[in-house]
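Notes follow once the structure below has been shown.
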There are 2 protein chains.
Amino acid sequence: MTSVMRKRKQKRPLAGEIAEAIRTGAYRTGEWLRQIDLEEKFQATRFDVRAALDKLVVLKAIEHVPNRGYRVAEIDSATLRHIREARVAIETATVASIVAAVDASTLGKLREIAERFSGAVQGGTRADWSRINSEFHHLMYHLSGNPIMEELIWNLRDRSRGSDVTVWISHEALQRSDRDHHAMLEALEARDSVRLTELITGHILRNDP
Amino acid sequence: MTSVMRKRKQKRPLAGEIAEAIRTGAYRTGEWLRQIDLEEKFQATRFDVRAALDKLVVLKAIEHVPNRGYRVAEIDSATLRHIREARVAIETATVASIVAAVDASTLGKLREIAERFSGAVQGGTRADWSRINSEFHHLMYHLSGNPIMEELIWNLRDRSRGSDVTVWISHEALQRSDRDHHAMLEALEARDSVRLTELITGHILRNDP
DNA sequence: TGCAACTAAATTGGCGCCAATTTAACTGCC
DNA sequence: GGCAGTTAAATTGGCGCCAATTTAGTTGCA
């Protein structure tokens with residue numbers, strides 16, 4: 001009746017917040033995600049925490065061990081290889097649409113983000129790197145105009161989180177990622193699909209994020 | 001202590017069973033999946049039913065409407081196109097590994113399944129078609145040796161289930177699928193990657209299953 | 001001192017109850 | 001007869017309780 005509609009309790013994207021926490025390094029591989037801690041940390045009910053964790057299990061971002069709990073699963077090298085293979089397939093498949101859709105405005109934003117990342121390489125926290133990096137790739141893949149593929153890409157990224165290799169162990173890896181961003185930007189400006197494909201492939205296979 | 005270990009309650013893959021039911025046409029697009037019915041039909045507790053439904057929601061196989069329930073979501077043509085695009089990217093990316101891995105024994109099994117499908121085209125039920133068709137593609141994609149990609153492929157298939165186009169409306173579509181299977185078989189025998197890629201692409205874009 | 005058995009504390013997890021909400025049925029007025 | 005308003009039946013959904021299980025801590029014996 002009223003156009004305002006009752007506000008009701010809008011469901012908080014708890015699963016997303018927990019995923020973000022894992023992404024930014026709040027939980028290390030193999031670490032248990034204790035329900036009680038999460039309740040407190042995210043100020044949520046046990047019920048909601050469990051639902052969120054179950055969701056992440058379905059997405060394979062974490063694993064569940066009966067009567068032990070939930071934890072960031074450690075993934076073996078074979079699985080990591082398979083994930084990367086899949087990512088290469090999907091992410092490179094978006095290149096054509098991205099190159100076709102890119103415009104000056106977006107290029108500007110991407111450059112701004114890439115610069116921000118460069119700045120964060122020195123002095124920023126792991127959370128900063130992760131966030132800015134996500135921003136860059138998000139904006140880029142969003143250009144593809146295919147939400148399904150976007151979603152697949154992010155899911156696969158979160159799944160490889162359980163790999164130590166993935167977390168920018170070395171400073172070199174971080175710098176390499178930084179260089180890759182700028183190189184991708186160049187390729188985009190030149191509308192060079194082939195080059196962008198190469199870069200993305202290398203970016204995934206060499207670094208990860 | 002005892003080596004036998006308590007049998008405990010082994011969790012039934014309820015979500016999978018429900019997904020199978022949807023796949024084989026037990027529920028049509030837009031139809032509500034009433035919890036009480038599912039409890040009875042699958043002889044499960046309400047709790048388990050809800051968990052299974054939530055899982056399918058996460059996988060986007062069904063949708064959830066607050067206070068209304070769960071139903072097979074009707075997907076719009078744009079989304080269907082995006083899903084198909086993603087499927088083409090992933091499924092064709094497996095071709096190289098498949099061709100490299102295929103052996104006489106597997107070819108034999110594939111042929112047997114393809115024949116079975118041909119037989120079912122006349123006289124079989126929709127459930128039969130669906131099951132045999134799945135068997136064929138399952139075995140083929142399994143050859144890729146990449147479980148991650150296999151999983152992605154099946155998830156995407158289940159997600160496009162909400163499209164009417166997907167359900168072999170016409171007899172022609174069914175026959176076309178049948179011909180495609182045999183053609184794929186030939187391409188596999190000839191180790192012809194290019195041809196197989198073409199066939200898979202056409203198979204996805206024209207039919208769907 | 002080392003180890004095994006036992007006990008206590010911590011943590012997970014199954015599940016059912018019942019309130020909130022929607023849908024269907026019914027009633028009565030125009 | 002048709003339609004709006006009311007009531008009853010059906011269905012969903014939030015959530016907390018407590019048993020089952022694991023882990024940590026303690027005690028006792030060789």
Side-chain angles (χ1 to χ4, degrees), chain A residues 1-19 21-22 26-74, chain B residues 1-19 21-22 26-74:
Chain A
M1 193 127 266
T2 58
S3 59
V4 184
M5 272 287 87
R6 58 268 181 235
K7 64 197 103 196
R8 183 178 280 127
K9 128 186 15 187
Q10 60 170 132
K11 60 175 177 219
R12 186 155 63 120
L14 226 196
E17 294 179 36
I18 296 177
I22 295 172
Y27 296 94
R28 309 193 152 281
T29 302
E31 196 171 348
W32 293 104
L33 297 159
R34 284 171 55 251
Q35 299 182 4
I36 298 179
D37 290 342
L38 294 172
E39 282 183 58
E40 200 168 310
K41 178 166 175 144
F42 292 97
Q43 212 58 44
T45 70
R46 154 141 326 202
F47 185 82
D48 291 326
V49 167
R50 236 195 288 177
L53 290 173
D54 284 334
K55 180 172 176 177
L56 292 178
V57 168
V58 174
L59 294 173
K60 304 277 183 72
I62 62 178
E63 75 174 346
H64 178 239
V65 182
N67 292 316
R68 298 294 309 285
Y70 302 81
R71 67 175 164 185
V72 182
E74 178 166 356
Chain B
M1 196 125 265
T2 58
S3 59
V4 183
M5 269 289 86
R6 59 273 181 231
K7 63 197 104 197
R8 185 180 276 128
K9 126 188 13 187
Q10 60 170 130
K11 61 173 178 227
R12 186 153 63 119
L14 226 196
E17 294 179 37
I18 296 176
I22 296 172
Y27 296 94
R28 310 194 152 279
T29 302
E31 196 172 347
W32 293 103
L33 297 159
R34 285 171 55 250
Q35 299 181 5
I36 298 180
D37 290 342
L38 294 172
E39 282 183 58
E40 200 168 310
K41 176 165 174 145
F42 292 97
Q43 211 57 44
T45 69
R46 155 146 319 207
F47 187 82
D48 291 326
V49 167
R50 235 193 290 176
L53 290 174
D54 284 334
K55 180 172 176 178
L56 292 178
V57 168
V58 174
L59 295 173
K60 304 278 182 73
I62 61 178
E63 74 174 346
H64 178 237
V65 182
N67 292 315
R68 298 293 310 285
Y70 303 81
R71 66 175 164 186
V72 182
E74 179 165 354

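Naming: A, B, ... by sequence-line order, numbering from 1 per chain. Keep in mind the model is a prediction, meaning the values are calculated, not measured.
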With Leu14(B) as reference, evaluate Thr45(B), Leu53(B), Leu38(B), Asp48(B) under the side chain to side chain contact (heavy atoms under 4.5 Å, CB included) test and give the passing residue. Asp48(B)
Do any N or O atoms of the protein come closer than 3.5 Å to N or O atoms of nucleotides 23-25 of chain C, and which pairs are they?
from	atom 1	to	atom 2	distance (Å)
dT23(C)	OP1	Arg68(B)	NE	2.4
dT23(C)	OP1	Arg68(B)	NH1	3.0
dT23(C)	OP1	Arg68(B)	NH2	2.8

From Arg28(A) CZ over to Glu74(A) CD, what is the distance, rounded to the nearest 0.5 angstrom? 12.5 Å
Rounded to the nearest angstrom, tell me the gap between atom CD in Gln35(B) and atom P in dC15(C). 16 Å
Between Lys55(B) and Val58(A), which heavy-atom pair has the shortest distance, and what is it? CG-CG2, 3.7 Å
Given DNA chain D, 5'-ward residue of the pair Ile36(B) and Arg50(B), judged by closest heavy atom: Ile36(B)
Please report the interatomic distance CG(Leu56(A)) to CG(Leu33(A)), rounded to the nearest 0.5 Å. 8.5 Å
Of the listed nucleotides dT11(D), dT11(C), dG16(C), the one nearest the side chain of Arg34(A): dT11(C)
Could you give the CD-to-P distance, from Glu39(B) to dA10(D), as a whole number of Å? 15 Å
Out of the candidates Asp54(A), Ile18(A), Val65(A), only one should pair with Tyr70(A) under the side chain to side chain contact (heavy atoms under 4.5 Å, CB included) rule; please name it. Asp54(A)
Using modelled atom types and a 3.5 Å cut-off, is there a donor and acceptor pairing between side-chain atoms of Arg12(B) and backbone atoms of Phe42(B)? yes
Between Arg46(B) and Ile36(B), the two heavy atoms sitting closest are NH2-CG1, 3.2 Å
Whole-Å distance, Arg46(A) CZ to dG14(C) P, equals 13 Å
Heavy-atom contacts under 4.0 Å between residues 52-65 of chain A and DNA chain C, which residues? His64(A), Val65(A)
Tell me which nucleotide among dC15(C), dT11(D), dG13(D) gets nearest to the side chain of Asp48(B). dC15(C)
Just the rounded figure in Å: distance from C1' of dG14(C) to CG of Leu14(B). 15 Å
Given atom CZ of Phe47(A) and atom P of dG16(C), what is their separation to the nearest angstrom? 14 Å
Could you tell me whether the side chain of Glu31(B) reaches within less than 4.5 Å of the side chain of Val72(B), counting heavy atoms only? no
Starting at OH of Tyr70(A) and ending at P of dT11(C), how long is that distance when rounded to a whole Å? 16 Å
What are the two closest heavy atoms between Val49(A) and Ala44(A), and how far apart are they? CG2-CB, 4.2 Å
